[in-house]
Amino acid sequence: MPELPEVETVARTLRTGTPALIGQTIRDVLVLWPRQVAHPSPTAFAQGLSGARIQAVDRYGKYLLIGLRTSQGCQEADSVLLVHLRMSGRLELVPEAQAVTRHARLVWRLDGGLALRFEDARKFGRAWWVTDPAVVLGKLGPDALAISAEVFVARARSRRGALKPLLLDQSFIAGIGNIYADESLYLSGLHPKRLVATLNEAELLRLHTAIQYVLRAGIAANGASVDWVYPGGHFQEHFAVYGRAGQPCHRCGQPIQRILVAQRSTFFCPSCQPS
DNA sequence: GGGCATGTTAGCAC
DNA sequence: TGTGCTAACATGCC
């Protein structure tokens, strides 16, 4: 579930929550699901991160970036821990004694009694330890919350196909998933199957504005909790279309429809979002 | 027990 | 080359 607003909420909690993650030093790393989760390899991951000091917590698209500094003698080196939560990942700072749970996949034990835990029931989540984040983030488009209207319009102009798959394409813009794509399209009055090439500049600008609005509203609500996976947010109380098939549109009263677009559940109002 | 799920990617067809 | 379809990843929930 985690899309940009949920990941931003996690980043914000880790960055400014109590107790603080920034300033902590990683003592060692437990890789509890060695098969796929830790890159470049479980061994390199655990060795490279041990002894590192946490300097910063950031987000790009749906990725969390934890900035690190490693000291070896008088030499200092910067590196980055990247985490993608995929479908069911959770990243939390917990007391070390409670760190290893049934679905814990990675545990960074910190000096001073705390641990950073990556839990992931579905095992789709991934983490990377890299010197250059571009190794992982290189194919992504601009962050959906940072992209300007001008750049958004220019990038859309060079693309074909339907609107919704474009919004979900992380190489076009990074951070939007199924929920915020549907909410953005509703707010801009655009049909999810509308061909990008048929949009005029005013429509593209409206879509850009809607994306910014919906993502910021999601962040203000601490994200959306649509099932057991991501707790704490309440943006689901403000959904206009997502998950509301058969219920009346708040604007016109017509029932919200569910269709498949690019094999994904897609909710829209046939009256407010005409094809 | 079958069908569904929020994300990403490889492989393949057009 | 770009677009999009399918399957795969692995599990839990209803």
Side-chain angles (χ1 to χ4, degrees), chain A residues 1-10 32-39 59-64 82-91 101-106 118-128 135-141 143-144 155-185 192-199 214-215 218-219 221-246 258-268:
Chain A
M1 117 156 359
E3 304 181 28
L4 188 153
E6 290 76 31
V7 180
E8 177 67 24
T9 301
V10 173
L32 303 170
W33 173 247
R35 192 170 143 196
Q36 306 224 46
V37 68
H39 300 264
R59 177 199 56 77
Y60 191 98
K62 300 174 192 173
Y63 288 80
L64 285 154
L82 291 119
V83 178
H84 197 301
L85 305 174
R86 294 279 181 100
M87 301 276 273
S88 60
R90 297 170 61 163
L91 195 61
T101 53
R102 180 180 172 197
H103 293 137
R105 309 303 176 198
L106 295 167
F118 179 61
E119 281 187 306
D120 187 20
R122 288 178 187 153
K123 300 181 177 174
F124 287 175
R126 298 288 181 268
W128 298 261
V135 170
V136 178
L137 307 179
K139 290 177 185 170
L140 296 180
D143 185 81
R155 290 178 70 82
R157 286 260 182 266
S158 69
R159 303 291 292 252
R160 321 190 147 274
L163 261 185
K164 172 146 181 195
L166 182 69
L167 294 184
L168 295 178
D169 184 345
Q170 303 299 300
S171 70
F172 174 62
I173 54 175
I176 297 175
N178 208 31
I179 291 170
Y180 293 91
D182 283 4
E183 295 296 318
S184 299
L185 288 169
K193 285 187 168 176
R194 179 87 178 270
L195 295 180
V196 183
T198 69
L199 269 68
V214 167
L215 292 177
I219 292 169
N222 292 325
S225 306
V226 298
D227 62 16
W228 53 278
V229 169
Y230 175 90
H234 62 272
F235 190 59
Q236 69 280 3
E237 295 162 16
H238 305 285
F239 287 169
V241 288
Y242 185 82
R244 296 193 63 244
R258 175 185 181 270
I259 57 174
L260 279 183
V261 180
Q263 310 312 116
R264 308 291 299 278
S265 273
T266 299
F267 301 88
F268 74 108

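Values reported hereafter were calculated over all heavy atoms of this structure, with side chains retained and with hydrogens, waters and symmetry mates removed. Chain letters run A, B, ... following the sequence lines, proteins first and then strands; every chain starts at 1.
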For atom [atom1] of [X] and atom [atom2] of [N], their distance in whole Å:
{"X": "A/R264", "N": "B/dA5", "atom1": "CZ", "atom2": "P", "result": "9 Å"}
{"X": "A/R86", "N": "B/dT9", "atom1": "CZ", "atom2": "C1'", "result": "7 Å"}
{"X": "A/I173", "N": "B/dG7", "atom1": "CD1", "atom2": "P", "result": "13 Å"}
{"X": "A/K139", "N": "B/dA10", "atom1": "NZ", "atom2": "C1'", "result": "10 Å"}
{"X": "A/M87", "N": "B/dT8", "atom1": "CE", "atom2": "C1'", "result": "10 Å"}
{"X": "A/L168", "N": "B/dT8", "atom1": "CG", "atom2": "C1'", "result": "11 Å"}
{"X": "A/N178", "N": "B/dA5", "atom1": "CG", "atom2": "C1'", "result": "10 Å"}
{"X": "A/E6", "N": "B/dA5", "atom1": "CD", "atom2": "C1'", "result": "14 Å"}

Start at the 5' end of DNA chain C and walk down; is the nucleotide closest to A/R160 or to A/Q263 reached first? A/R160
Just call it for [X]: base, sugar-phosphate, or nothing, with non-hydrogen atoms closer than 4.0 Å on any strand.
{"X": "A/R258", "value": "sugar-phosphate"}
{"X": "A/R126", "value": "nothing"}
{"X": "A/F172", "value": "nothing"}
{"X": "A/R35", "value": "sugar-phosphate"}
{"X": "A/Q170", "value": "sugar-phosphate"}

Check against side chain to side chain contact (heavy atoms under 4.5 Å, CB included), A/Q170 and A/K62: CA-CA 9 Å; A/Q170 303 299 300; A/K62 300 174 192 173; 3.5 Å; yes
Between A/E6 and A/Y180, do the side chains contain a donor N or O and an acceptor N or O under 3.5 Å apart? yes
Spatial distance of atom [atom1] ([X]) from atom [atom2] ([Y]) [nearest 0.5 Å]:
{"X": "A/T266", "Y": "A/L185", "atom1": "OG1", "atom2": "CG", "value": "8.5 Å"}
{"X": "A/F267", "Y": "A/I259", "atom1": "CZ", "atom2": "CD1", "value": "10.5 Å"}
{"X": "A/L166", "Y": "A/I173", "atom1": "CG", "atom2": "CD1", "value": "7.5 Å"}
{"X": "A/L168", "Y": "A/E3", "atom1": "CG", "atom2": "CD", "value": "8.0 Å"}

Phosphate-side-chain proximity, A/K62 and B/dT8, N/O vs OP1/OP2 below 4.0 Å: yes
Which pair of non-hydrogen atoms, one from A/P2 and one from A/G89, has the smallest distance, and what is that distance? CG-O, 4.3 Å
Should the ring pair A/F235 and A/H238 be called parallel, tilted or perpendicular, given that the plane angle runs from 0 to 90° and is split at 30 and 60? tilted
Selection residues 170-184 of chain A - residue pairs positive for salt bridge (charged side-chain N to carboxylate O under 4.0 Å, His left out), sequence neighbours left out: A/K164-A/D182
Look at the side chain of A/R155 and the backbone N and O of A/F172, then say whether any donor-acceptor pair between them is shorter than 3.5 Å. yes
Please list, in 5' to 3' order, the outermost nucleotides of DNA chain C lying under 4.0 Å from any heavy atom of chain A. C/dT3 to C/dC13
How does DNA chain C read in dot-bracket, base by base from 5' to 3', with Watson-Crick or G-U pairs under 3.5 Å and | used when the partner is on another strand? .||||||||.||||
